[in-house]
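Please read the structure below before turning to the comments.
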Amino acid sequence: MEYSFKDIEPRWREAWKSAGIYKVAEDAAKPKFYVLDMFPYPSGAGLHVGHPLGYIASDIYARYKRLQGFNVLHPMGYDAYGLPAEQYAVQTGQPPGITTAENIRRYRSQLDLLGFSFDWSREVRTCDPDYYRWTQWAFLQMFNSYYCYDAAQARPISELTCVFEQQGTRGMNIACTEPMSFSADEWRAMSEAEQQKLLMNYRLAYLGDMQVNWCPALGTVLANDEVINGLSERGGYPVEQKLMRQWCLRISAYAQRLLDGLETIDWTDALKESQRHWIGRSEGAEMRFELVAQPSMPGGALEIFTTRPDTIFGVTFMTLAPESDYVAQVVTPDRRAAVDAYLESVRRRTERERQADRSVSGVFSGSYAINPLSGKEVPVWISDYVLAGYGTGAIMAVPGHDSRDHAFAKHFGLPIIPLIEGADVTEESFDAKEGIMTNSGFLNGLSVKEAIAAAKHHIESSGIGRVKVNYRLRDAIFSRQRYWGEPFPIYYDAQGIPRAVPEHKLPLLLPDVDKYLPTETGEPPLGRASRWAWDTVREEVVDVSAIDRRTVFPLELCTMPGFAGSSAYYIRYMDPTNAEALAAKPAVDYWRNVDLYIGGSEHATGHLIYSRFWNKFLFDTGAVCEDEPFRKLINQGMIQGRSSFAYRINGTNTFVSYNLKDRYETTELHVYVGLVSNDILDVEAFRAWNPEYRDAEFILEGDRYVCGWQVEKMSKSKYNVVNPDEMIEKYGADTFRMYEMFLGPLELSKPWDTNGIDGAHRFLRRLWALFYDRHSGLTVSDEAPSAEELKCLHRLIRKVTGDIERFSFNTAVSAFMICVNELTALKRSSRAVLEPLLIVLAPFAPHMAEELWHALGHESSVCTAAWPQWDEAILAESLVTYAVSFNGKTRFSISLAADISREAAEQAALSHELAAKWLEGRSPRKVIVVPNKIINIVV
RNA sequence: GCUCGAAUGGUGGAAUGGUAGACACGAAGGACUUAAAAUCCUUUGGCUAUUGCAGCUGUGCGGGUUCGAGUCCCGCUUCGAGUACCA
């Protein structure tokens, strides 16, 4: 009997599906294990061979854990809101809901071919009202919460109003947009509208005027992680800075907890490092510089942040960000024109221009500030090298010891003072935090480290400032001026105050619109909705019969960003159909959090930060029971394309083979990889591929045309996309799974090379041949296995178990190949060996394992068997190596028969001629027994 | 610039500080076939030898630790990823 995957694979997939063997439910009798893949955005292009890599790995692990007796939650769903569907809708008028549903169908049919063990009854889609109802719900929870630093958790906003009633802001240590201070009396004297406006300063989901990344081409605002090198992540359009009133999430309140949480989770150092960098904690001091009084100027002070308070005696000027609120305060009438011109030129530049052109620019404001320590007056400048969004948007400039300040000072001829003994700062600043202080008053003679501490102490005690920790992490801008996203459950009352849509009215449905573009008046696309859920809201909250909704009482017309729906989806999987809660308490208490999360590293600073924040917030509210959502995380590498090239001689339609191309002037052209096998071009297929090449001539090497190749991103335009469906059609899902794992370490990026898949396929056929002879059928015998056979099996079990545990799937596949090669050479097929082998194989090649398992007479599925244990005794090597040490140090090792006693080994080691020579005059302390070591005696 | 990671045959890659190159692809040669496919066998880092059955050399470069280094430490080179005026 031949190995016929085309018959086997669909049959078992159908059987598993109808038996529902992958359905899970909470089961207190079994330990739980939650294996999660980052759910995909279903793009129109479908899957290419890179997508399933992580899914195959997680499937292997999930199956392995099941065989080990764990109750495994392994769900899948779709991150269905996104820009491509909306852009397609703008172009074609096709509603994004319809395109998305189609794409999901296609994704599902492709995923189904791979034999995954997902519990599809738990599928979620972020665009499904039953799902986004809970996204809206979570938003409202944040809207109705504030963050208390003392309690280090989110609290209900109602609690805050109670406190304000009684004591105002006195003694409150809470997260806010602007620091505020008022008494209980002042609070009580405010109107409701004023109070609401004030509360906005504290809500975790709040409406604020923010400098945002505005992308004119996309017509929407983008979060920091959606902007790369000044261009939008999607589409690569220019992005500019703009002040807009937007919904934001006060994620900055969680900065320290997000940082601390990293210590408790099992992620790669690289990933933790990039999160740490994104959070960007820095310790320093905030300090006040009084402005020098001038006629007709308001005066006041500049608040600055610095991490180098020790350098304060080297301050020779101050710099403000152009967008800083301080600017209005410092510009003198005679400098007004020059400053306005500068501000205008800064405003005109796009983010990309700003990043590309780092030349020094700035303008003097006309004001001076007083150094609080030295008492010296220094000029106040304005320059775009200072960022409005970080610290206070104002700095004290120390050109001697900061390279940016140095460049600025040189450019404008400002003084530069050295503060470290022996440092020459005429050409370059001395940025290192080392050396002995000089020119620094009471700090003279101290090391930099001591000086920082001393300066901080002085600043605190003298009241000119305070020690402060600053974070780079910005609040997340949460509004998108788009159609295809979750609507905000927010309406604006007659006074324009944002109000929450009552919880029982959720979900607030995304309305149909006739066009997916902004309205003529510049409102987001939702402004086109004719009735929408508006009626529902109105009925609920206000007793009016005829109000014009747009002008008097509008709903929020923005939608939420992509990360909204993906921030808590792993919780919804625990209880996906619950209509009363995001997930019921028993389900949450049982599944807790994700034990293994697999996905791409591109989400390091986006999804994985937002999701941790979202989870921590829900943890504070008691909705979830774990502080961190993802216990262990693995980033699978990207599968790159392996592009093939043909070389056309310039000005002709003649192609020259790779190794001869240097004799001609040629142009390198991408060739569709499907036309190339082992770098040999199918010339006829190439001519048929593109009319342009119909009459192409070829200069061959021997009788073949050899193509060049290069590793590139997999993309349509490079003709290097390999489709998994085709691979499965040709080789079967089991071969495909084995080969993807065999390609290399899971976490490494590597090129797809179709050439190698034959090896994986050959392996499966050889395995099949252990069971079936072409002529005589099933060849498995019930005789007792030989010692060699048993050894093969147990070596395999030990190796594969260890490899799966450490996610080294490529070496596990190799172990299978070695084992099958050995068993084939032994020419024996004992049931006692092959049965456990099938169980171990099942996570990797489930279809074949199931087929053969049943061929051996089993009724139940191999997926429900028990993982076998290996026996060390069977594996004991005939030689054992004894490492000889003394004085606690290993000196050499000696290999002896395994059954030799410890005393005899010691004796043997000592009596060995070389050993004895080496040991002459020294006394060995002990003999360490190290099994399976190499015979290697060095003296 | 900063942070992190990587570098091993023609290719993908293996190797708790212990015989470097497992496993696989590709290539070369052979067997079986009318032929092809499939399958099987042999060789395959480099150099020298191969009628001398072996020797030398070898994990990006330079040092160091160690009886012993692809692996650990220090200093470079190159490539990749992330980040970028964060005071």
Side-chain angles (χ1 to χ4, degrees), chain A residues 2 224-225 228-230 268-282 284-285 304-309 311 319 321 354-355 358 360 383-387 389-398 401-405 407-408 431 470-474 601-602 604-605 635 637-638 642 677-680 709 711 738-739 742-745 747-760 762-763 765-766 769 774 802 808 810-821 824 881 883-884 889-893 895 914-915 918 930 932-939:
Chain A
E2 291 290 317
N224 282 349
D225 65 283
I228 294 163
N229 290 330
T268 60
D269 288 337
L271 189 50
K272 285 185 184 181
E273 202 47 52
S274 77
Q275 291 225 338
R276 281 193 198 104
H277 186 254
W278 195 257
I279 295 165
R281 179 192 158 102
S282 58
I304 61 101
F305 175 75
T306 180
T307 54
R308 294 292 304 273
T311 62
T319 316
R354 217 176 64 81
Q355 289 189 8
R358 288 283 171 81
V360 177
S383 172
D384 66 352
Y385 86 88
V386 176
L387 302 179
Y390 185 76
T392 61
I395 61 154
M396 61 177 213
V398 185
H401 301 277
D402 182 286
S403 53
R404 297 152 303 184
D405 296 342
F408 194 84
D431 291 17
N470 232 318
Y471 300 91
R472 198 181 81 107
L473 186 70
R474 304 262 67 84
S601 57
E602 67 273 19
T605 49
N635 287 129
M638 270 210 314
R642 189 181 187 277
S677 172
N678 288 332
D679 295 331
I680 308 301
W709 64 272
V711 172
M738 291 301 262
Y739 184 56
F742 182 69
L743 269 177
E747 311 199 51
L748 232 68
S749 285
K750 58 244 163 193
W752 173 264
D753 186 353
T754 303
N755 294 342
I757 197 169
D758 285 316
R762 270 199 277 271
F763 153 72
R765 277 208 303 264
R766 286 157 72 120
R774 192 194 293 201
S808 177
N810 56 328
T811 52
V813 173
S814 296
F816 280 112
M817 291 176 172
I818 294 166
C819 177
V820 167
N821 285 349
T824 304
T881 299
V884 181
K889 231 172 170 183
T890 302
R891 287 308 176 192
F892 59 89
S893 52
S895 295
L914 291 168
W918 201 83
V930 186
N932 305 322
K933 274 289 166 78
I934 302 308
I935 307 164
N936 179 18
I937 302 169
V938 180
V939 175

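Throughout, protein chains are lettered first and strands after them, A, B, ... in sequence-line order, and every chain is numbered starting at 1. If you're wondering where the values come from, they're calculated on a predicted model, not measured in any experiment.
Between A/R762 and the phosphate of B/C25, there is a side-chain N or O to OP1/OP2 separation shorter than 4.0 Å. At B/U39, one or more side-chain N or O atoms of A/R765 fall inside 4.0 Å of OP1 or OP2 (strictly under the cut-off).
Between the C1' atoms of B/A37 and B/U19, the separation comes to 40 Å (whole Å). Between the C1' atoms of B/U77 and B/A28, the separation comes to 36 Å (whole Å). The gap from the P atom of B/U83 to that of B/G70 amounts to 36 Å, rounded to the nearest Å. Distance noted for atom P between B/A27 and B/A20: 30 Å (whole Å).
In this structure, A/P751 reaches neither bases nor backbone, as no heavy-atom distance under 4.0 Å exists between it and the strands shown. When heavy atoms are screened at a 4.0 angstrom cut-off, A/S282 is found touching the sugar-phosphate backbone but no base atom. At the heavy-atom level, A/V398 lies nowhere under 4.0 Å from the strands shown. Note on A/N821: only backbone sugar-phosphate atoms sit closer than 4.0 angstrom, heavy atoms only; bases stay farther off. Within the nucleic acid shown, A/I818 comes within 4.0 Å of sugar-phosphate atoms alone, with no base atom in reach, counting heavy atoms only. If you check every strand for non-hydrogen atoms under 4.0 Å, A/R766 touches sugar and phosphate atoms only.
B/C79: Watson-Crick or G-U partner is B/G5, with both key distances under 3.5 Å. Shown here, B/U50 forms no base pair; nothing in the strands shown gives a Watson-Crick or G-U wobble contact with both key distances under 3.5 Å. Nucleotide B/U33 forms no Watson-Crick or G-U wobble pair with any nucleotide shown, as no partner meets the under 3.5 Å limit on both distances.
The glycosidic torsion of B/G55 lies more than 90° away from 0, placing the base in the anti range.
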Between protein and nucleic acid, restricted to nucleotides 1-9 of chain B and to nitrogen or oxygen atoms under 3.5 Å apart, what atom pairs and distances do you find?
none

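Note: NE2 (A/H401) to C1' (B/C85) measures 19 Å, nearest angstrom.
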